[in-house]
> 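Sharing a structure here in structure tokens format.
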Number of protein chains: 2
Amino acid sequence: MTKHYRPLLEELNITYPQYLVLLVLWEKDRISVKALGKRLFLDSGTLTPMLKRMEEHGLVKRERSKEDERIVEVVLTEQGKQTEKQAEQIPLKFIEQTNLDVEEAIQLKRILNKMLVQLDTE
Amino acid sequence: MTKHYRPLLEELNITYPQYLVLLVLWEKDRISVKALGKRLFLDSGTLTPMLKRMEEHGLVKRERSKEDERIVEVVLTEQGKQTEKQAEQIPLKFIEQTNLDVEEAIQLKRILNKMLVQLDTE
DNA sequence: CACAATTAAATTGCGAACAATCTATTTGTA
DNA sequence: TACAAATAGATTGTTCGCAATTTAATTGTG
């Protein structure tokens with residue numbers, strides 16, 4: 001996915017895993033590292049350095065929660081919000097490139113999700 | 001895949017990508033890096049260091065072809081061959097863990113392959 | 001309250017994927 | 001034959017995924 005999304009994401013100057021983080025934040029623009037990891041099946045060993053890189057590029061901010069200082073909340077910057085518009089057409093463009101039928105794409109998502117949830121809970 | 005194959009491959013002391021290389025070699029126990037890369041959708045930047053690690057662990061040998069010295073052929077060692085028997089039950093064990101029906105597993109493979117070939121040829 | 005257990009992130013270290021580039025060999029062509 | 005183009009791997013540098021461990025804060029229990 002990373003390789004084949006690259007040309008689509010190149011002008012936004014982000015990678016595919018970073019794009020996944022933005023997808024979550026565009027839904028809810030403040031989320032803890034923990035919750036983000038749960039959504040994306042990633043741990044802090046992956047997310048911490050990745051979020052730091054995204055912060056350096058001005059896409060997100062990382063803020064320690066005042067109520068519970070163990071928690072780091074990831075917040076969209078203005079630039080991070082703006083990027084959503086530029087990324088609007090990416091999912092469609094990617095689906096086109098795969099040459100999958102709509103039913104196949106739906107099946108693929110369903111089966112992979114079933115598998116992933118199963119593997120992750122047992 | 002790497003994460004969830006890990007417990008199954010732990011006693012063989014190999015990773016999932018290394019297991020994929022062995023699967024190819026168990027079919028044909030001498031193959032060029034180029035041909036191996038084509039089978040696994042990987043390039044020399046990934047394979048060269050990986051094959052060196054496998055060589056250090058005594059699973060394969062890397063031999064420059066006499067006829068064309070640009071080519072490196074990967075060959076199974078005796079230990080590499082032996083490992084096949086120990087790995088016999090792994091695919092079944094994995095499928096069980098996924099909790100997918102047979103039809104779902106077949107669909108998944110078919111769709112992913114269609115997608116991958118398409119993305120890789122265009 | 002004291003202090004052990006739990007929790008959230010961060011850190012360390014390794015394997016892997018890949019872009020870009022480099023080196024060495026072979027092939028094709030003027 | 002000389003030399004450019006093509007080919008196969010190797011190398012360098014970046015990002016990612018994750019296991020294992022560490023650090024710091026919070027929670028639970030005697």
Side-chain angles (χ1 to χ4, degrees), chain A residues 1-22 30-57 59-75 116 119-120, chain B residues 1-22 30-57 59-75 116 119-120:
Chain A
M1 301 301 281
T2 301
K3 178 165 109 185
H4 295 291
Y5 260 96
R6 187 186 304 277
L8 301 174
L9 295 169
E10 205 149 51
E11 52 189 312
L12 304 185
N13 205 31
I14 56 174
T15 64
Y16 179 63
Q18 291 172 13
Y19 171 64
L20 296 182
V21 168
L22 289 180
R30 172 178 292 266
I31 189 173
S32 70
V33 171
K34 175 81 174 174
L36 188 58
K38 196 167 182 183
R39 272 290 296 271
L40 299 177
F41 299 89
L42 295 171
D43 71 1
S44 68
T46 301
L47 287 173
T48 298
M50 195 169 123
L51 293 169
K52 283 181 179 172
R53 283 190 293 272
M54 292 176 78
E55 191 170 36
E56 278 172 23
H57 284 87
L59 294 164
V60 301
K61 266 186 303 185
R62 294 160 60 254
E63 299 176 352
R64 283 274 165 196
S65 163
K66 282 274 158 53
E67 302 81 55
D68 184 342
E69 294 201 359
R70 290 172 304 180
I71 295 174
V72 168
E73 295 183 317
V74 186
V75 193
L116 203 55
L119 288 174
D120 228 69
Chain B
M1 299 300 282
T2 301
K3 178 165 107 183
H4 295 291
Y5 261 96
R6 187 187 306 275
L8 301 173
L9 295 169
E10 205 149 50
E11 53 190 311
L12 303 185
N13 205 32
I14 56 174
T15 65
Y16 179 64
Q18 291 173 14
Y19 171 65
L20 296 182
V21 168
L22 289 179
R30 171 178 292 267
I31 190 174
S32 68
V33 171
K34 175 79 175 175
L36 188 58
K38 195 168 182 183
R39 273 290 296 271
L40 300 178
F41 299 88
L42 295 172
D43 71 1
S44 69
T46 302
L47 286 173
T48 297
M50 192 169 128
L51 293 169
K52 283 180 178 172
R53 283 189 293 271
M54 293 177 77
E55 191 169 36
E56 278 171 22
H57 285 85
L59 294 165
V60 301
K61 266 186 303 185
R62 293 160 62 252
E63 299 176 352
R64 284 274 165 193
S65 162
K66 282 275 158 49
E67 302 82 52
D68 184 342
E69 294 200 0
R70 289 170 304 181
I71 296 174
V72 168
E73 295 184 318
V74 186
V75 193
L116 204 54
L119 287 174
D120 228 69

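Chain identifiers are assigned alphabetically (A, B, ...) following the order of the sequence lines, protein sequences preceding nucleic acid strands; residue numbering begins at 1 within each chain.
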> Are A:K3 and B:D120 packed together at the side-chain level, in the sense that at least one heavy-atom pair is separated by less than 4.5 angstrom?
yes
> Show each protein N/O and nucleotides 2-7 of chain C N/O combination with a separation under 3.5 Å, one pair to a line.
unit_1	atom_1	unit_2	atom_2	d
C:dT7	O2	A:R70	NH1	3.2

> Return the value, rounded to whole Å, for the distance between atom CZ of A:R64 and atom C1' of D:dA24.
8 Å
> With rounding to the nearest 0.5 angstrom, report the CD1 to NZ distance, A:I31 to A:K38.
11.0 Å
> Whole angstrom is fine here: how far is it from CZ in B:R62 over to C1' in D:dA10?
9 Å
> Report the residue (B:H57 or A:V72) whose heavy-atom-nearest nucleotide on DNA chain C is the more 5′ of the two.
A:V72
> Determine whether a donor-acceptor pair (N or O, by modelled atom type, separation under 3.5 Å) exists between the side chain of B:E63 and the backbone of B:V74.
no
> Once you round to the nearest 0.5 Å, how far does OG1 of A:T46 lie from CZ of A:F41?
13.5 Å
> Going from CZ on A:R6 to CE on A:M1, what distance comes out if it is rounded to the nearest 0.5 angstrom?
13.5 Å
> Which one, D:dA19, D:dT26, C:dA9, comes nearest to the side chain of A:E69?
D:dT26
> Can you classify the ring geometry of A:Y16 versus A:Y5 as parallel (below 30°), tilted (30 to 60°) or perpendicular (above 60°)?
parallel
> Distance from B:E67 atom CD to B:E69 atom CD, nearest 0.5 Å?
10.0 Å
> Can you tell me whether the side chain of A:S44 and the base of C:dA10 have a donor-acceptor pair closer than 3.5 Å?
yes
> Taking the side chain as every heavy atom from C-beta outward, state whether A:V33 and A:L36 have any atom pair closer than 4.5 Å.
no
> Report the residue (A:E67 or A:M50) whose heavy-atom-nearest nucleotide on DNA chain D is the more 5′ of the two.
A:M50
> Write down the distance between CG (B:L42) and P (D:dA8), rounded to a whole number of angstrom.
16 Å
> Is any side-chain N or O of B:T48 closer than 4.0 Å to OP1 or OP2 of D:dA10?
yes
> From CD of B:E63 over to C1' of D:dA10, roughly how many Å is that when rounded to an integer?
18 Å
> Answer yes or no: is there a side-chain heavy-atom contact under 4.5 Å between A:S32 and A:V72?
no
> About how many Å separate NZ of B:K52 and CG of B:L47, when rounded to the nearest 0.5 Å?
12.0 Å
> With heavy atoms under 4.0 Å as the rule, sort B:L47 into base, sugar-phosphate or nothing.
nothing
> Closest to the A:R53 side chain: D:dC18, D:dT15, C:dA9?
D:dT15
> Does A:K52 place a side-chain N or O at less than 4.0 Å from the phosphate oxygens OP1/OP2 of C:dT11?
yes
> Roughly how far apart are A:H57 NE2 and A:Q18 CD, rounded to 0.5 Å?
7.0 Å
> Between P on D:dC16 and CG on A:L40, what's the gap in Å once rounded to a whole number?
12 Å
> Can you check the B:Y19 OH to C:dA16 P distance for me, whole Å?
15 Å
> Let me know the distance between CD1 of A:I71 and P of D:dA25, rounded to the nearest Å.
13 Å
> Please list residues of residues 1-18 of chain A whose heavy atoms come under 4.0 Å from any atom in DNA chain C, ordered by number; otherwise none.
A:K3, A:R6
> A:K66 has an atom NZ; how far is it from atom P of D:dA24, in whole Å?
20 Å
> Please tabulate the protein-to-nucleotide N/O contacts below 3.5 Å involving nucleotides 2-4 of chain D, giving atom names and distances.
none

> Given A:I14, which of A:L20, A:L22, A:V21 fulfils the side chain to side chain contact (heavy atoms under 4.5 Å, CB included) condition?
A:L22
